[in-house]
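Right, one structure below, let's go through it.
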Amino acid sequence: MNEHTESGKVYEINLRIGEEKELYEPYDESCRTLSGSVADYLAGQYGKKDAGDEIILKIKCGGEVNADRVRGAFRELIREQELRNYNQKRLNRIKQLWLLCVGVVFVAAGILLDGVLGSVPVELISIVGSFAVWEAANIWIVENPRNRLAKRTLKKLNATRIVIERADLT
């Protein structure tokens with residue numbers, strides 16, 4: 001549901017639960033981890049919003065809800081995603097450097113071995129080198145921008161306003 005405010009559009013996500021424990025992973029005694037189904041639902045809803053929208057998560061519950069615990073679990077979900085994104089960025093950097101080095105070595109070997117080996121082995125060595133360089137470029141062109149977008153999205157999600165309402169769910 002989109003509304004307009006002075007700062008732009010507001011995208012509202014409504015989440016209806018019977019009791020607070022439905023929000024959390026059943027195996028987490030501390031109730032610091034949102035359940036997988038809640039996290040999946042939120043991810044699907046966030047995917048429907050426009051880029052500049054302010055986000056409000058409205059939780060309607062038939063019972064009492066500890067707002068601080070909900071906010072903490074939500075922030076923990078975002079922290080986990082940020083850590084995953086950071087680790088993927090590091091892994092991409094390592095893979096990119098490794099593939100580029102391997103590619104350059106193989107391409108140089110293909111050039112140096114031209115005339116020493118037959119044309120088929122030289123071509124195979126050059127193809128392997130070209131493929132490695134291509135994969136490094138693919139990470140740079142495709143994967144890294146995707147990670148930057150995910151980082152900006154997580155920053156925006158961190159600003160999500162959480163509103164808890166008591167609701168008659170009958």
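Fair warning: this is a prediction, and the values are worked out from it, not measured in the lab. Quick note: numbers below take in every heavy atom, side chains included, and nothing from hydrogens, waters or symmetry partners.
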TODO: List the steps and the verdict of side-chain contact (heavy atoms from CB on, under 4.5 Å) for Val70 and Ile59.
DONE: CA-CA 10 Å; Val70 171; Ile59 300 172; 3.6 Å; yes
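- From Leu57, atom CG reaches atom CG of Leu157 across 10.5 Å, with rounding to the nearest 0.5 Å.
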- [ ] Give the intermediate values and the outcome of side-chain contact (heavy atoms from CB on, under 4.5 Å) for residues Leu34 and Glu25.
- [x] CA-CA 5 Å; Leu34 291 178; Glu25 189 62 46; over 6 Å; no
Only distances under 3.5 Å count here; give the side-chain donor-acceptor pairs of residues 38-46 to other protein atoms, sequence neighbours excluded, each with its distance to 0.1 Å.
| from | atom 1 | to | atom 2 | distance (Å) |
| --- | --- | --- | --- | --- |
| Tyr41 | OH | Asn14 | O | 2.9 |
| Gln45 | OE1 | Tyr11 | OH | 3.4 |

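- Other residues, nucleotides and ligands contribute more than 12 heavy atoms inside 6.0 Å of the OH atom of Tyr24.
- One N or O on the side chain of Arg166 and one on the backbone of Gly62 form a donor-acceptor pair closer than 3.5 Å.
- Using a cutoff of 4.0 Å between basic side-chain nitrogens and carboxylate oxygens, Arg32 and Glu76 are not scored as salt-bridged.
- Contact record, Ile55 with Lys156: CD1-CG, 4.3 Å, taken as the closest heavy-atom pair.
- One finds the CD atom of Glu22 at 9.5 Å from the CZ atom of Arg16 (value rounded to the nearest 0.5 Å).
- Look at Glu20 and Arg69 and you find a salt bridge, because one of the NZ, NE, NH1 or NH2 atoms lies within 4.0 Å of a carboxylate O, short of that distance.
- Scanning both residues, Trp140 and Pro145, for their nearest heavy atoms gives O-CD, 3.4 Å.
- Within the 3.5 Å criterion, the main-chain N or O of Leu77 finds no donor-acceptor partner in the side chain of Glu80.
- A salt bridge is defined here as a Lys NZ or Arg NE, NH1 or NH2 lying under 4.0 Å from an Asp or Glu carboxylate O, and Glu54 with Arg161 meets this definition.
- Here the closest heavy-atom approach between residue Ile162 and residue Arg71 is recorded as O-NH2, 2.9 Å.
- Rounded to the nearest 0.5 angstrom, Ile164 CD1 and Asp68 CG are separated by 8.5 Å.
- Nearest heavy atoms, Cys31 versus Ala73: O-CB, 4.2 Å.
- Residues Asn85 and Asn147 approach most closely at ND2-O, 3.3 Å, considering heavy atoms.
- The shortest side-chain heavy-atom distance between Thr153 and Leu149 falls under the 4.5 Å cut-off.
- Between atom SG of residue Cys61 and atom CD of residue Glu19 there is a gap of 7.5 Å, rounded to the nearest 0.5 Å.
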Taking distance alone, no hydrogens or angles, what donor-acceptor pairs closer than 3.5 Å link side-chain atoms of residues 91-104 to residues at least two apart or in another chain?
| from | atom 1 | to | atom 2 | distance (Å) |
| --- | --- | --- | --- | --- |
| Asn92 | OD1 | Gln88 | NE2 | 2.9 |
| Gln96 | OE1 | Asn144 | ND2 | 3.4 |

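- For the atom pair CZ of Arg79 and CZ of Arg84, the computed distance is 13.5 Å after rounding to the nearest 0.5 Å.
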Name the atoms and distances for all side-chain donor-acceptor pairs under 3.5 Å in residues 118-134, with sequence neighbours left out.
| from | atom 1 | to | atom 2 | distance (Å) |
| --- | --- | --- | --- | --- |
| Ser126 | OG | Val122 | O | 3.1 |
| Ser130 | OG | Ser126 | O | 2.9 |

